[in-house]
Enquirer: 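Input: one structure, supplied below.
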Amino acid sequence: MERQAADYRTLSSLKNALHALKCFTPEEPELGITQIADKLGLSKSTVHRVMTTLAEEGFVRRDEQTHRYRLGLSVLSLGGIIMSNLEICREGQHLLEEFVNRFDETVHLAVLEDYATVYVSKLECKHPVQIATHLGRKNPLHCTSSGKVILAYQDSTVIDEVIRRGLRPMTPNTITHPDTLRQLLSQIRKDGYAFSQSELREGVHSVAAPVRDYTRQVIGAVTAVGPAARFTPEKMKSLAKTLVSISKEISHRLGYYERTR
């Protein structure tokens, strides 16, 4: 019984530590003990112990003047291991570089995770005004071009679950009606690419094409993101054509092959 109780306490502490790390976001990169405690619903003494342990292992670092915490280099090290071993990133890197060199627009690789789209690779353009997108951040499927193009090729049960969870309006342009979304997904399957026009953030447009693996499943997307002023309908169609070509090349490198009739 004592061993079981000790194991439970260890697992509970580990869970608290992981939840504490998830509190940090691009919008809140620095947090104090009280903020973390409020977010997790834990006592400040418990959070203090957790953060002290995380700091000792390099997963967070404490500012001695503000007494607030930031993520540490140990997190970056683990993230680097993930990216270096993520096959879609390895196979797509130089193709993304060629895209940026040709169009001078920011391009990403995204994958499906927990009913969201997550950027796993990003190459910035050289324009002075850049789009604030973040690696590892989860975005909704229904209002991003990468999310919609991935969702379009998923099983109907996945689409149903996304709708059941709610189509949250992020801007006035966000699709919030289930029937409208289903119709759009059907059109995306016909076109082979997807657009997002000020649907996640006003003034930001994007276009994406699907990436398949050796099982023929759509597992990700290659997507270009830019301001509406540059991403005109004509330019987005031009970008879509190139992104479809890139996504097919990445898919082939992942073992996908197109069946001939």
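Bear in mind that the values here come from a model prediction, so they are computed numbers and not experimental data. Just the heavy atoms: all of them, side chains too, but no hydrogens, waters or symmetry mates, feed the values below.
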Enquirer: To the nearest 0.5 Å, tell me how far Cys125 SG sits from Asn101 CG.
Expert: 12.0 Å

Enquirer: Could you work out, with salt bridge (charged side-chain N to carboxylate O under 4.0 Å, His left out) as the rule, every residue matching Arg70, not counting sequence neighbours?
Expert: Glu30

Enquirer: Quick one: CG on Asp160 to CZ on Arg165, what's the gap to the nearest 0.5 Å?
Expert: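 Going from CG on Asp160 over to CZ on Arg165, the span is 12.5 Å.
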
Enquirer: Restricting to pairs with a member in residues 158-178, which pass ring-ring contact (aromatic ring centres under 6.0 Å, His included), not counting sequence neighbours?
Expert: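 Counting only pairs at least two positions apart or across chains, no ring-ring contact (aromatic ring centres under 6.0 Å, His included) contact touches residues 158-178.
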
Enquirer: With Arg212, which residues qualify under salt bridge (charged side-chain N to carboxylate O under 4.0 Å, His left out), at least two apart?
Expert: none

Enquirer: How long is the straight-line distance from CZ of Arg216 back to CG of Leu254, given to the nearest 0.5 Å?
Expert: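 So the CG of Leu254 and the CZ of Arg216 are separated by 13.5 Å.
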
Enquirer: Nearest 0.5 Å, what's the CD1-SG distance between Ile36 and Cys23?
Expert: 6.0 Å

Enquirer: Distance check, rounded to the nearest 0.5 Å: Arg68 atom CZ versus Asp63 atom CG?
Expert: 9.0 Å

Enquirer: Leu18: which residues meet the side chain to side chain contact (heavy atoms under 4.5 Å, CB included) condition with it, sequence neighbours left out?
Expert: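 Listed in chain order: Leu14.
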
Enquirer: For residues 168-180, which residue pairs qualify under salt bridge (Lys or Arg N to Asp or Glu O under 4.0 Å), counting only residues two or more places apart or in two chains?
Expert: none

Enquirer: Apply side chain to side chain contact (heavy atoms under 4.5 Å, CB included) to Ser156 and list each qualifying residue two or more places apart in sequence or on a separate chain.
Expert: none

Enquirer: Is there a path of hydrophobic side-chain contacts, each under 4.5 Å between heavy atoms of I/L/V/M/F/W/Y residues, joining Val111 to Leu96?
Expert: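 Both belong to a single hydrophobic cluster.
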
Enquirer: For the side chain to side chain donor-acceptor pair (under 3.5 Å) test, which of Ser146, Ser196, Ser145 pairs with Thr223?
Expert: Ser145

Enquirer: Side chains of Ser43 and Ser45: donor-acceptor distance under 3.5 Å anywhere?
Expert: yes

Enquirer: With sequence neighbours left out, what residues match Thr34 under side chain to side chain donor-acceptor pair (under 3.5 Å)?
Expert: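 Testing Thr34 for side chain to side chain donor-acceptor pair (under 3.5 Å), a comparison that skips the adjacent residues, returns none.
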
Enquirer: First locate atom NE2 of His108, then atom OG of Ser206, and finally report the distance between them rounded to the nearest 0.5 Å.
Expert: 9.0 Å

Enquirer: Run the salt bridge (charged side-chain N to carboxylate O under 4.0 Å, His left out) test against Arg102 and tell me which residues pass, sequence neighbours left out.
Expert: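 Arg102 satisfies salt bridge (charged side-chain N to carboxylate O under 4.0 Å, His left out) with no other residue.
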
Enquirer: Checking Arg230 against Asp104 for the salt bridge (Lys or Arg N to Asp or Glu O under 4.0 Å) test, could you report, in this order, the C-alpha distance in whole Å, the side-chain angles of both residues, the deciding distance, and whether it holds?
Expert: CA-CA 11 Å; Arg230 287 204 309 269; Asp104 195 20; over 6 Å; no

Enquirer: Got a sec, which hydrophobics cluster with Tyr153, joining ILVMFWY side chains under 4.5 Å apart, including via others?
Expert: Leu112, Tyr115, Leu141, Val149, Ile150, Leu151, Val158, Ile159, Val162, Ile163, Leu167, Ile175, Leu181, Leu184, Leu185, Ile188, Val218

Enquirer: So if you build clusters from Ile, Leu, Val, Met, Phe, Trp, Tyr with side-chain heavy-atom gaps below 4.5 Å, do Val107 and Phe195 land together?
Expert: yes

Enquirer: Would you tabulate the side-chain donor-acceptor contacts of residues 232-242 under 3.5 Å, counting partners in other chains and residues two or more places apart, or write 'none'?
Expert:
unit_1: Thr232; atom_1: OG1; unit_2: Lys235; atom_2: N; d: 3.2
unit_1: Lys235; atom_1: NZ; unit_2: Glu105; atom_2: OE2; d: 2.6

Enquirer: Could you list the residues that satisfy ring pair (Phe, Tyr, Trp, His ring centres under 6.0 Å) with Phe99, not counting sequence neighbours?
Expert: Phe103

Enquirer: Determine whether Val100 and Val207 fall in the same hydrophobic cluster, where Ile, Leu, Val, Met, Phe, Trp and Tyr are linked whenever their side-chain heavy atoms lie under 4.5 Å apart.
Expert: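 Same cluster.
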
Enquirer: Side chains of residues 50-59: which donor-acceptor pairs under 3.5 Å do they make with residues two or more places apart or in other chains?
Expert:
unit_1: Thr52; atom_1: OG1; unit_2: His48; atom_2: O; d: 2.8
unit_1: Thr53; atom_1: OG1; unit_2: Arg49; atom_2: O; d: 3.1

